[in-house]
S.K.: 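My questions will all concern the structure given below.
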Amino acid sequence: MMTLDYPAWLRVDHWLNVLFLTLLLRSGIEILSTHPKLYRHEDSAPGTQWAKFTGKVMPKDKLYDTLDEEEDYHPIIALPGHAQLGIGRHWHFAAVIGWIVVGSSYYILLFATGQWHRYWPYSWSVFPEAWNDIVTYLSFNLPPLLPGEPLDAIQKLTYAGVIFGLAPFQILTGAAQSPAIEARFPRYVRLFGGRQSARSLHFLGLAAFLVFIAIHLSMVFFWGWGRLTALMIFGSIRNTHWATVLSLLIITVVVTV
C-alpha cells in the first residue's frame with residue numbers, strides 16, 4: 001500500500017478550498033435573503049413553502065412582490081449583506097469558478113497520485129468500523145486510526161461523501177437553478193423536480209456543508225489543532241506552535257477577504 005502523506009498540492013488545494021467554500025456559503029446566504037423561503041414545487045404559491053428564514057408576515061389584502069419579502073442579513077452572516085443581491089451573485093459566481101478550478105485539480109491529482117485511497121472505502125468492513133467510531137466519539141473518546149492511514153473509519157466515509165458526493169451535488173443543483181440552462185436543457189432541470197425543488201436541494205447541500213465544517217473543526221480541535229494543522233501546512237508533524245500561528249493567520253486572511 002502506498003504512503004498516504006500530505007503532498008504540497010493537497011495542502012495548497014485544502015486552504016484554497018477553505019477560501020472559496022467560505023465565499024460560496026456566505027454569498028449563497030446573501031442570495032437566499034432575496035427570497036428567504038423554500039418550496040418543493042414550481043408553483044411556489046404563498047403559504048406553500050416548507051421552510052422560511054424571515055419573520056416578515058405578508059399582507060393578505062393587497063399585492064406585494066418579492067422585494068417586499070427580501071431580508072437584510074448582516075454582513076457577518078451574508079456576503080456582502082444588507083440586501084445586495086447583485087453583488088452577492090457576483091461573489092457567488094466568481095467563487096464557484098475558483099472552487100471548480102481548485103476542485104478539478106484536486107480530483108485529477110487525487111487519482112493521478114493514488115491519494116484517492118485516502119478517502120475511498122477499501123472494503124465493506126469500514127461501515128461497521130465507522131459505527132464503532134461514532135459510539136467511541138459519543139463516549140468522549142478518540143477511536144483508533146485505520147491501519148496505515150491518517151483517518152479513522154467514520155472520517156474516511158465522511159470525507160468520501162463530501163468530496164465524491166456532496167460537492168458534485170452542489171454543482172449539479174446549482175446549475176439546475178439557471179434560467180438559461182432550463183431554457184436549453186429543460187429535461188435536466190426536471191430531473192431535480194424543477195428550479196424551486198433544485199433550489200431547496202441546493203440549500204440542503206449548503207446546510208450539510210455547514211454541519212460538516214462544524215464537525216470537522218471539532219475533530220481537528222479534539223485530535224490536536226497544532227499537530228493536524230502542521231500536517232496541512234508543513235506536510236509533517238513539526239513546528240506545531242508555528243503551525244497553530246500560521247493556521248490562525250490563514251483564517252484571518254479568509255475572514256478579511
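Values in this document were obtained by computation on a predicted structure and should not be read as measured data.
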S.K.: Taking the side chain as every heavy atom from C-beta outward, state whether Arg89 and Ile31 have any atom pair closer than 4.5 Å.
M.R.: yes

S.K.: Quick one: ring pair (Phe, Tyr, Trp, His ring centres under 6.0 Å) partners of Tyr188, sequence neighbours excluded?
M.R.: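 With sequence neighbours excluded, Tyr188 shows a ring pair (Phe, Tyr, Trp, His ring centres under 6.0 Å) to Phe192, given in chain and number order.
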
S.K.: Output all residues satisfying ring pair (Phe, Tyr, Trp, His ring centres under 6.0 Å) with Phe212, sequence neighbours left out; order by chain, then residue number.
M.R.: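 Once residues adjacent in sequence are excluded, the partners of Phe212 under the ring pair (Phe, Tyr, Trp, His ring centres under 6.0 Å) criterion are Tyr159, His216.
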
S.K.: Does Phe203 have any ring pair (Phe, Tyr, Trp, His ring centres under 6.0 Å) partners at least two apart in sequence or in another chain, and if so, which?
M.R.: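 With sequence neighbours excluded, Phe203 shows a ring pair (Phe, Tyr, Trp, His ring centres under 6.0 Å) to Phe53, given in chain and number order.
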
S.K.: Once side chain to side chain contact (heavy atoms under 4.5 Å, CB included) is applied, do any residues pair with Ser200, and if so which ones, sequence neighbours excluded?
M.R.: Leu38, Trp50

S.K.: Go through the steps to decide whether Glu149 and Lys156 satisfy the test salt bridge (Lys or Arg N to Asp or Glu O under 4.0 Å), and finish with yes or no.
M.R.: CA-CA 9 Å; Glu149 300 194 35; Lys156 190 182 188 79; 2.5 Å; yes

S.K.: Looking at Phe185, does the NZ or CZ of Arg190 lie under 6.0 angstrom from its six-membered ring centre and within 45 degrees of the ring axis?
M.R.: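 Not satisfied by the 6.0 Å and 45° rule.
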
S.K.: Assess, by modelled atom type and distance only, whether the side chains of Gln196 and Asp43 contain a donor and an acceptor separated by less than 3.5 Å.
M.R.: no

S.K.: Can you pull out every side-chain hydrogen bond (donor to acceptor under 3.5 Å, both in side chains) where at least one residue sits in residues 248-257? Sequence neighbours excluded, please.
M.R.: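 Every candidate side-chain hydrogen bond (donor to acceptor under 3.5 Å, both in side chains) pair involving residues 248-257 fails, so no pair, neighbours aside, qualifies.
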
S.K.: Ser105: what forms a side chain to side chain contact (heavy atoms under 4.5 Å, CB included) with it, not counting sequence neighbours?
M.R.: Asp13

S.K.: Could you go through Trp242 and Phe234, starting from their C-alpha distance and side-chain angles, then the distance that decides it, and tell me whether this counts as ring-ring contact (aromatic ring centres under 6.0 Å, His included)?
M.R.: CA-CA 10 Å; Trp242 273 111; Phe234 302 123; 8.6 Å; no

S.K.: Running the 4.5 Å side-chain criterion over Ile, Leu, Val, Met, Phe, Trp and Tyr, what cluster does Ile108 land in, apart from itself?
M.R.: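 Via sub-4.5 Å side-chain contacts, Ile108 links to none.
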
S.K.: Suppose the criterion is side-chain hydrogen bond (donor to acceptor under 3.5 Å, both in side chains): which pairs have a residue in residues 169-179, not counting sequence neighbours?
M.R.: Thr173-His202

S.K.: Applying ring pair (Phe, Tyr, Trp, His ring centres under 6.0 Å), can you list everything that pairs with His35, at least two apart in sequence or on another chain?
M.R.: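 Only Tyr39 meet the ring pair (Phe, Tyr, Trp, His ring centres under 6.0 Å) criterion with His35.
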
S.K.: Taking the six-membered ring for Trp and the single ring otherwise, decide whether the centroids of Phe127 and Trp124 are under 6.0 Å apart.
M.R.: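 Here the rings of Trp124 and Phe127 have centres that are less than 6.0 Å from each other.
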
S.K.: Suppose we screen for side chain to side chain contact (heavy atoms under 4.5 Å, CB included). Which residues come up paired with Ala153, at least two apart in sequence or across chains?
M.R.: Val126, Glu129, Ala130, Asp133, Leu146

S.K.: Can you list everything that forms a side chain to side chain contact (heavy atoms under 4.5 Å, CB included) with Thr34? Sequence neighbours excluded, please.
M.R.: Glu70, Leu85

S.K.: Are the side chains of His14 and Val18 in contact, using a 4.5 Å heavy-atom criterion?
M.R.: yes

S.K.: Taking the six-membered ring for Trp, is the centroid-to-centroid distance between Trp120 and Phe164 below 6.0 Å?
M.R.: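 Yes: the rings meet the under 6.0 Å criterion.
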
S.K.: So which residues get pulled into Leu63's cluster when ILVMFWY side chains under 4.5 Å apart are joined, directly or through others?
M.R.: none

